[in-house]
Chemist: 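Just dropping this structure here.
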Amino acid sequence: MPATASRAVLRQSQFLARRAAVRNASSTSEAASKASEAASSAASKASEGLSRVSSSAGPALTNAANALRKIGGRTGKVISFVDSMIPPTVYYAKVGLELGKLVFRGQNMTPPSLATFQLYFQPLTNAFRNPAALKSLKFSPQDILTRVRSANKKEIALAGVTAAEVIGFFTVGEMIGRMNIVGYKGHPEHHGDH
């Protein structure tokens with residue numbers, strides 16, 4: 001009889017353990033579903049708040065832009081020019097960013113580490129901390145000539161590309177400054193006897 005009693009007690013404890021496990025599982029799933037509902041509720045409230053802010057800001061920005069477009073004279077021309085340049089600027093900025101990403105990934109490039117930045121900019125920061133040290137720097141033509149002679153092909157190519165970039169940016173800046181692609185606006189010269 002003691003064996004049957006122990007089996008009954010064992011069955012009873014197994015039954016109670018299963019029932020407790022089912023209760024815990026259901027309470028855990030209920031807690032997870034409640035947390036999920038709370039998260040989705042918070043997200044929807046945030047989305048509603050953002051849409052309210054953007055819907056109230058949209059008309060205000062539109063009204064301000066329309067008011068700026070009504071300004072006349074030189075200021076109005078500048079504002080309309082800037083306004084007309086915004087869409088292509090945004091477009092070409094996005095194109096440039098995507099092109100940069102493709103080149104960055106294609107060349108397996110990685111941004112320099114903080115130590116590399118510190119190594120390269122340390123002389124510059126030291127010069128700003130101690131401006132008197134700049135007077136002691138002397139560049140002799142012999143040192144520059146020696147450095148050019150000892151440069152390898154990669155350094156020479158890099159210097160050539162950098163020079164081409166500087167000339168290109170200077171040329172574009174000149175075109176923008178003149179508001180003309182070719183030549184300067186000026187008075188024609190008359191050569192002859194006066």
Side-chain angles (χ1 to χ4, degrees), residues 46-47 49-50 52-54 56-187 189:
S47 175
L50 183 61
R52 271 189 256 134
V53 167
S54 62
S56 65
L61 290 174
T62 304
N63 291 341
N66 288 337
L68 284 174
R69 286 185 188 110
K70 292 178 183 176
I71 295 175
R74 289 184 196 168
T75 306
K77 287 180 182 178
V78 169
I79 289 171
S80 64
F81 175 73
V82 169
D83 190 37
S84 69
M85 293 306 293
I86 289 173
T89 303
V90 170
Y91 171 76
Y92 286 116
K94 288 180 180 179
V95 168
L97 180 66
E98 291 301 317
L99 182 64
K101 286 180 185 177
L102 289 173
V103 170
F104 202 79
R105 287 185 196 130
Q107 296 294 323
N108 293 327
M109 297 169 72
T110 57
S113 66
L114 183 60
T116 306
F117 273 113
Q118 289 173 343
L119 176 71
Y120 278 96
F121 289 109
Q122 190 67 35
L124 186 63
T125 56
N126 290 340
F128 281 123
R129 288 183 187 150
N130 187 9
L134 290 176
K135 293 179 183 176
S136 66
L137 291 177
K138 294 181 181 169
F139 296 104
S140 69
Q142 194 66 20
D143 292 338
I144 295 171
L145 190 59
T146 304
R147 177 143 180 157
V148 169
R149 285 181 182 160
S150 65
N152 60 18
K153 289 181 181 180
K154 186 176 180 181
E155 290 174 337
I156 292 172
L158 181 64
V161 168
T162 304
E165 287 176 349
V166 168
I167 291 169
F169 283 124
F170 175 77
T171 305
V172 169
E174 282 287 306
M175 288 177 194
I176 291 171
R178 290 189 310 252
M179 293 291 208
N180 196 359
I181 293 178
V182 179
Y184 286 95
K185 294 179 182 176
H187 302 291
E189 292 185 28

Chemist: Check whether any side-chain heavy atom of Thr171 sits under 4.5 Å from a side-chain heavy atom of Glu174, and report yes or no.
Modeler: no
Chemist: Rounded to the nearest 0.5 Å, how far apart are CZ of Arg147 and CG of Asp143?
Modeler: 10.5 Å
Chemist: Nearest 0.5 Å, please: how far is CG in Leu102 from CD in Gln107?
Modeler: 11.5 Å
Chemist: Take a 6.0 Å sphere around CD of Gln142 and say whether it holds more than 12 heavy atoms from other residues, nucleotides or ligands.
Modeler: no
Chemist: With sequence neighbours left out, write down each residue that passes side chain to side chain donor-acceptor pair (under 3.5 Å) with Gln122, or none if nothing qualifies.
Modeler: Asn126
Chemist: Find the distance between CZ (Phe170) and CE (Met175) and round it off to the nearest 0.5 Å.
Modeler: 11.0 Å
Chemist: To the nearest 0.5 Å, tell me how far Thr125 OG1 sits from Asn130 CG.
Modeler: 11.5 Å
Chemist: Measuring from Phe121:CZ to Leu119:CG, what's the distance to the nearest 0.5 Å?
Modeler: 10.5 Å
Chemist: Step by step, work out the side-chain contact (heavy atoms from CB on, under 4.5 Å) result for Asn152 and Glu155.
Modeler: CA-CA 5 Å; Asn152 60 18; Glu155 290 174 337; 3.2 Å; yes
Chemist: Rounded at 0.5 Å granularity, tell me how far CG in Leu145 sits from OG in Ser150.
Modeler: 9.5 Å
